[in-house]
Amino acid sequence: MAFTGRAALLAALGSLPVGIWDPGWTGILAVNAPLAAACACDFALAAPVRRLGLTRSGDTSARLAESADVTLTLTNPSGRPLRARVRDAWPPSSWQPGTEVAASRHRVRVPAGERRRLTTRLRPTRRGDRQADRVTIRSYGPLGLFARQGTHRAPWTVRVLPPFTSRKHLPAKLARLRELDGRTSLLTRGEGTEFDSLRAYVPGDDTRSIDWRATARQSAVAVRTWRPERDRRILLVLDTGRTSAGRVGDAPRLDASMDAALLLAALASRAGDRVDLLAYDRRVRALVQGRTAGDVLPSLVNAMATLEPELLETDARGLTATALRTAPRRSLIVLLTTLDAAPIEEGLLPVLPQLTERHRVLVASVADPHIARMAGARGNTDAVYEAAAAAQAQTERHRTAEQLRRHGVTVVDATPEDLPPALADAYLTLKASGRL
């Protein structure tokens with residue numbers, strides 16, 4: 001039971017000391033007898049809250065920063081009409097700041113024996129699972145003097161997926177892939193390591209591609225055409241350790257790594273290669289294996305949705321051993337991790353030969369664009385000191401990358417916006433040269 005503002009005001013006006021014989025509650029109730037009767041009647045006519053039926057339907061997933069609509073169906077089985085205010089509570093990260101009150105609160109009227117639907121529009125600000133909390137209902141009488149209030153549980157989960165903003169680069173990368181595959185109208189066919197077909201020689205063709213035996217059997221000069229390798233294996237390894245929690249701009253490094261991994265997975269699956277995913281720090285956080293080309297991207301997105309950086313040092317030996325078990329055959333291992341000197345020199349470099357002996361290794365890292373801006377800053381003493389610190393950080397980063405390259409590792413180091421297309425270009429270069 002709850003007083004409304006209207007009831008409180010009437011009670012204050014009705015409790016003026018006019019004709020009160022007893023200064024206690026008896027006198028006040030005597031003066032407010034009509035009000036008390038009205039309140040009791042209003043409370044009695046308010047629809048009961050506990051008997052209401054609640055069910056949910058709607059979206060079960062949404063990309064980060066996109067909206068998801070969840071419908072709450074409110075059934076009134078009682079013989080009294082329901083006049084209510086409803087609060088559909090969700091975690092704070094389910095809405096943009098400042099929009100929770102407008103999105104989660106509803107006014108509703110449900111006649112006796114009927115039902116109504118209330119739609120709550122979520123706009124999540126973080127990845128992961130968002131679970132509905134309690135539904136609080138305040139049922140008012142016809143006069144609005146008193147209200148019944150209660151809570152219900154109506155479970156529902158919305159999985160917030162990575163945004164995959166780099167998908168805008170996919171058409172351009174697929175066009176380059178078609179060029180490599182020889183499916184576009186070009187003067188020279190795409191290079192690769194798998195024989196495709198024979199065709200007549202045209203000026204400008206590489207003379208090394210001439211097939212002399214085929215030429216001897218016919219009157220025209222024949223050249224071999226090639227296509228990029230297919231059915232190669234790619235293992236995407238996400239380092240979810242301490243360094244992945246560092247924020248670059250408004251998001252942690254892990255989110256930028258995920259975006260780059262999704263673009264590469266989409267491109268590689270279209271190219272006919274098999275893509276697996278391993279997320280690791282000191283134990284396996286996610287593992288996706290054996291998916292078909294049409295299912296690999298949804299599976300990766302779903303597995304990445306709940307990943308969060310772990311504030312502990314990555315076990316490089318455990319990561320290497322797990323990667324070798326996950327990819328028993330020769331593969332392209334794409335390790336998305338940091339290029340900070342300490343984790344690479346003390347963790348990865350000692351175990352790197354175990355990977356490079358059996359696999360082609362590509363290391364991709366997220367660079368902080370703020371460091372580049374600091375390196376170019378001038379104008380005052382503080383700016384010069386910041387520029388010197390940034391230059392030192394860049395030098396250490398370049399030195400670490402060179403150490404990896406000396407071990408035969410391909411290194412991609414770019415800002416969050418540039419990393420996805422740069423990683424895709426590195427994959428296409430390896431594919432065109434037959435080094436997968």
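- A donor-acceptor contact shorter than 3.5 Å links the side chain of Arg291 to the backbone of Gln289.
- Residues passing the salt bridge (Lys or Arg N to Asp or Glu O under 4.0 Å) test with Arg63, sequence neighbours excluded: none.
- Crowding of Arg167 atom CZ: a count of heavy atoms from other residues, nucleotides or ligands under 6.0 Å exceeding 12.
- The minimum heavy-atom distance between Pro162 and Met304, with the atom names listed, is CG-CB, 3.8 Å.
- Of the charged side-chain nitrogens involved, at least one lies within less than 4.0 Å of a carboxylate oxygen, so that Glu310 and Arg285 count as a salt-bridged pair.
- We find that Arg232 and Asp273 are not joined by a salt bridge, their nearest charged nitrogen and carboxylate oxygen being 4.0 Å or further apart.
- Across all non-hydrogen atoms, the minimal contact from Thr356 to Val409 is CG2-CG2, 4.0 Å.
- Across Ala303 and Leu277, no two heavy atoms sit closer than the pair CB-CD2, 4.3 Å.
- Under the 4.0 Å criterion applied to side-chain N and carboxylate O atoms, Arg87 and Glu100 are assigned as salt-bridge partners.
- In this structure, Leu430 and Thr410 have side chains that are in contact, with non-hydrogen atoms separated by less than 4.5 Å.
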side-chain hydrogen bond (donor to acceptor under 3.5 Å, both in side chains) evaluation trace for Asp69 with Thr119: CA-CA 6 Å; Asp69 291 338; Thr119 299; over 6 Å; no
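- Under the 3.5 Å distance criterion, the side-chain polar atoms of Asp259 are left unmatched by any main-chain donor or acceptor of Pro420.
- Counted within 6.0 Å of CZ on Arg80, heavy atoms from surrounding residues, nucleotides or ligands total more than 12; the atom is thus considered enclosed.
- A donor-acceptor pair is defined here as one N or O able to donate and one able to accept, closer than 3.5 Å; such a pair exists between the side chain of Trp156 and the backbone of Asp59.
- Contact between Pro309 and Pro252 at its shortest, heavy atoms only, is CG-CB, 4.4 Å.
- Closest approach of Thr136 to Thr151, counting heavy atoms only: OG1-CG2, 3.5 Å.
- Only one option out of Thr71, Thr120, Thr73, Asp88 pairs with Arg56 in a side chain to side chain donor-acceptor pair (under 3.5 Å); it is Asp88.
- For Arg399, the CZ atom sits in a packed shell: over 12 heavy atoms of surrounding residues, nucleotides or ligands are nearer than 6.0 Å.
- Taking both residues in full, the closest heavy atoms of Leu297 and Ala265 are given as CD1-CB, 4.5 Å, listed atom of the first, atom of the second, then distance.
- For Asn76 (side chain) and Leu52 (main-chain N/O), no donor-acceptor pair under 3.5 Å exists by modelled atom type.
- Interatomic distance, CG of Leu54 versus CG of Leu118, reported as 8.5 Å (0.5 Å rounding).
- Separation of atoms CG (Leu423) and CG (Leu263) is listed at 7.5 Å; rounding is to 0.5 Å.
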Trace of the side-chain hydrogen bond (donor to acceptor under 3.5 Å, both in side chains) decision for Ser93 with Arg130: CA-CA 8 Å; Ser93 58; Arg130 297 291 168 267; 2.8 Å; yes
